[in-house]
Every structure is written in structure tokens, then in C-alpha cells.
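First comes the structure, then the notes that go with it.
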Amino acid sequence: MSHAIIIDTDPGQDDAIAILLALASPEIEVLGVTAVAGNVPLALTQANARRVVELAGRADVPVCAGADRPLIRPLVTAEYVHGKTGLDGADLPAPAAPLDQRHAADFIVETVMGREPGTVTLCPLAPLTNVALALAKEPRIASRLAGIVLMGGAMREGGNVTPAAEFNIYVDPEAAARVFACGADITFVPLDCTHQALTTAARTAAIRALDTRVARAVAGWMDFFERFDEAKYGTDGGPLHDPLVIAALLAPDLFAQKRVAVSIETDSPLTRGMSVVDWWGVTGAEPNATMLHAVDADGFFALLTERLARL
Ligand code: BDR
Ligand code: CA
């Protein structure tokens, strides 16, 4: 099956690897990349997104900048995971191609409304600010999208930035609440799934052994990005979150899924940004999302390695 996608992102090493996986895959047409503030501020995420498309030899893909802060809260960043630049671990040159001058939210609206209904999939890998702004500008995109496949949330795994919340939802919970309630066909990849996809030494070595410019950058990013989570979780490697969104389009059979009702906590200071999943259907609420709760990690890394070899 083929997919035309927009990637909304805050690169971030795992975001960068997700973008490369999409660009390496013939089943996927990347219509554009929209950057948002998240792992690092917007000035860095938009430049990093351009660095990554250029690393893949795809300077033709438009990169737009969007929100420089969440809808109503101050920005929280994660340099402690991703480094000062957001892409520490590989030295990429400054981008040569200019930033597309459209605002990310306008780009999303124009692209979705300008193409046939049901043909564009939105892939958010970051706080959902740009997506919420696009929905506010043009609510009809919700029913016009083929779907939204996003990385965010956590259920049994607990949070990675507070005990209750995963980073992407925590940074802009008001935006996330709007997105989960928008009526689009939503699939989400929470920490329960991403914490199964670890960048073990053997998996990183297999990518490094490809010995291309792209593979060396990816292996460098993995080495850098995993050190924080290895120390935190005591694992061999860290979770490679965002590329699972792209893998879900390419190889849905790698995942186990369940339709669930999800609500986002926006009020409680203790559990702000928690994705409350009605796993057992105790509320009687109609499911509003498909949760990918498990992944065949070896299958995923085999796919990633095979695709990266094409770049
Ligand atoms: C998410 O937060 C970011 O640090 C990663 O890029 C990923 O999108 C994981 O919680
Ligand atoms: Ca991200």
C-alpha cells in the first residue's frame, strides 16, 4: 500500500531516523516536513529537519516551521536527552536549501484540502501544537485525512518525563486533547510499544556496518541518544520511538493493536499530559484511537536497516 504523508517533527535523533526511514521507502511519498518546538527550540528543529532531508539527498522536500511554543504553556525542552543541538552524535553541515516560507499549520491545511479526500496521512512525532493549530484553522481536515499516526502517550509503561506523562503529550497537553478529540482516524504509538524497540549494541552495529554517510550518522545518533535511557532503564540500548510511526505504515503486521478510548489530562498538576487509556472499556466511551501496544522489534530493526541501506 502506498502513503502520501506529512511529517510533523522536532528533530531529535529519533525524529531524524524516522524522516530517513520514510524518505528511503518507495511506498511512501513525503509531501512535506513541518517543524515544531519540542526536543529543542524551533530555530533548531526546523534547521535540523532541513539537514536531515538534505542528508537523504532530498532538498526538494519542503520544510516549514510552525509553532515556537505550546498553545498556552511555556515550552519544555529535552536537551538532557538530545544534546544542545537536538542532533548531537553526528556532525551535519548547515542546511543549504531555504526554509519554505509557509507556516506549518497553513502547509498542513493547504496540502490536505488541496488533495483528494482520504489520501494524506499526518505523522506527528512531536508535541501536537502544529496539528492543533491546523485543526483550528480548518476543522474539515480531520475527516479529509486518511488518518493521523502519531508517537505519543503511555499506558502501563508510565511516563518518561513525569511518572504519568510521555514527553510529546506533556509538552502541549491542550493540543493533544484537541487532536485526540478531533474525530480523525487516529493511531498512536505510546511508550508501551516504543520501549520494546531498543537500539541494542548489535542492532546499532548492523546499521554502522552499512558504512554509508547516512548509516554512520544514524549509528552516531543512536549511540548518543541511547546513553540517557540506558542509564535510566538499565537496558542495552534506548527506545527508538519515532521511526515506529513510519514502520506502522510500512509493515502494520509488525504491531499488535487495540481500539481504545483515550482522554488527555490537562488540569491536574500531578498528572498533566497523561494519556488516560480505557483499555478495559470500563467507561463505555466510544473508542477514538487505535493503540499500537507491542512491536516485533527484530522485524522492525531488520526493516530499518534494509531501508537505510538504500540511501
Ligand atoms: C518522544 O519525545 C521525544 O524526545 C522523542 O523524539 C519522541 O518523539 C518520546 O517521548
Ligand atoms: Ca520527536
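Counting starts at 1 for both ligands and their atoms, following the listed order. What you see below is based on every heavy atom in this structure, not just the backbone, and it leaves out hydrogens, waters and symmetry mates.
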Practice problem: Using side-chain hydrogen bond (donor to acceptor under 3.5 Å, both in side chains) as the criterion, list what pairs up with T212, not counting sequence neighbours. | Solution: none
Quiz prompt | Stacked cation flag R227 on F225, 6.0 angstrom / 45 deg | solution = no
Quiz item: Charged N to carboxylate O below 4.0 Å: is that the case for D211 and R216?
Solution: yes
Quiz item: Hey, is there an N, O or S on G38 sitting under 3.0 Å from the Ca ion (ligand 2)?
Solution: no
Quiz item: By atom name, which N, O or S atom belonging to D242 lies closest to the Ca ion (ligand 2)?
Solution: OD2
Quiz item: Is the Ca ion (ligand 2) less than 3.0 Å from an N/O/S atom of D15, whether that atom is in the backbone or a side chain?
Solution: yes
Self-check item: Under-4.0 Å salt bridge between R307 and E27
Solution: yes
Quiz item: Is it true that E110 and R102 have a side-chain N and a carboxylate O under 4.0 angstrom from each other?
Solution: yes
Quiz item: So which of the N, O or S atoms of D10 lies nearest the Ca ion (ligand 2)?
Solution: OD1
Self-check item: Qualifying residue for side chain to side chain contact (heavy atoms under 4.5 Å, CB included) with L292, from V245, L254, T187
Solution: T187
Pairwise, report which nitrogen or oxygen atoms of ligand 1 are under 3.5 angstrom from protein nitrogen or oxygen atoms, and how far apart they are.
from: ligand 1; atom 1: 2 (O); to: N168; atom 2: OD1; distance (Å): 3.4
from: ligand 1; atom 1: 4 (O); to: N39; atom 2: OD1; distance (Å): 2.7
from: ligand 1; atom 1: 4 (O); to: H82; atom 2: NE2; distance (Å): 2.8
from: ligand 1; atom 1: 6 (O); to: D14; atom 2: OD1; distance (Å): 2.6
from: ligand 1; atom 1: 6 (O); to: D14; atom 2: OD2; distance (Å): 3.1
from: ligand 1; atom 1: 6 (O); to: D15; atom 2: OD1; distance (Å): 2.9
from: ligand 1; atom 1: 6 (O); to: N39; atom 2: ND2; distance (Å): 3.2
from: ligand 1; atom 1: 6 (O); to: D242; atom 2: OD2; distance (Å): 3.1
from: ligand 1; atom 1: 8 (O); to: L125; atom 2: O; distance (Å): 3.1
from: ligand 1; atom 1: 8 (O); to: N168; atom 2: ND2; distance (Å): 3.0
from: ligand 1; atom 1: 8 (O); to: D242; atom 2: OD1; distance (Å): 2.7
from: ligand 1; atom 1: 8 (O); to: D242; atom 2: OD2; distance (Å): 3.0
from: ligand 1; atom 1: 10 (O); to: N160; atom 2: ND2; distance (Å): 2.8
from: ligand 1; atom 1: 10 (O); to: E166; atom 2: OE2; distance (Å): 2.4

Exercise. For this output row, return yes or no: ring centroids of F300 and F255 closer than 6.0 angstrom.
Key: no
Quiz item: Between H82 and F224, is the ring centre distance below 6.0 Å?
Solution: no
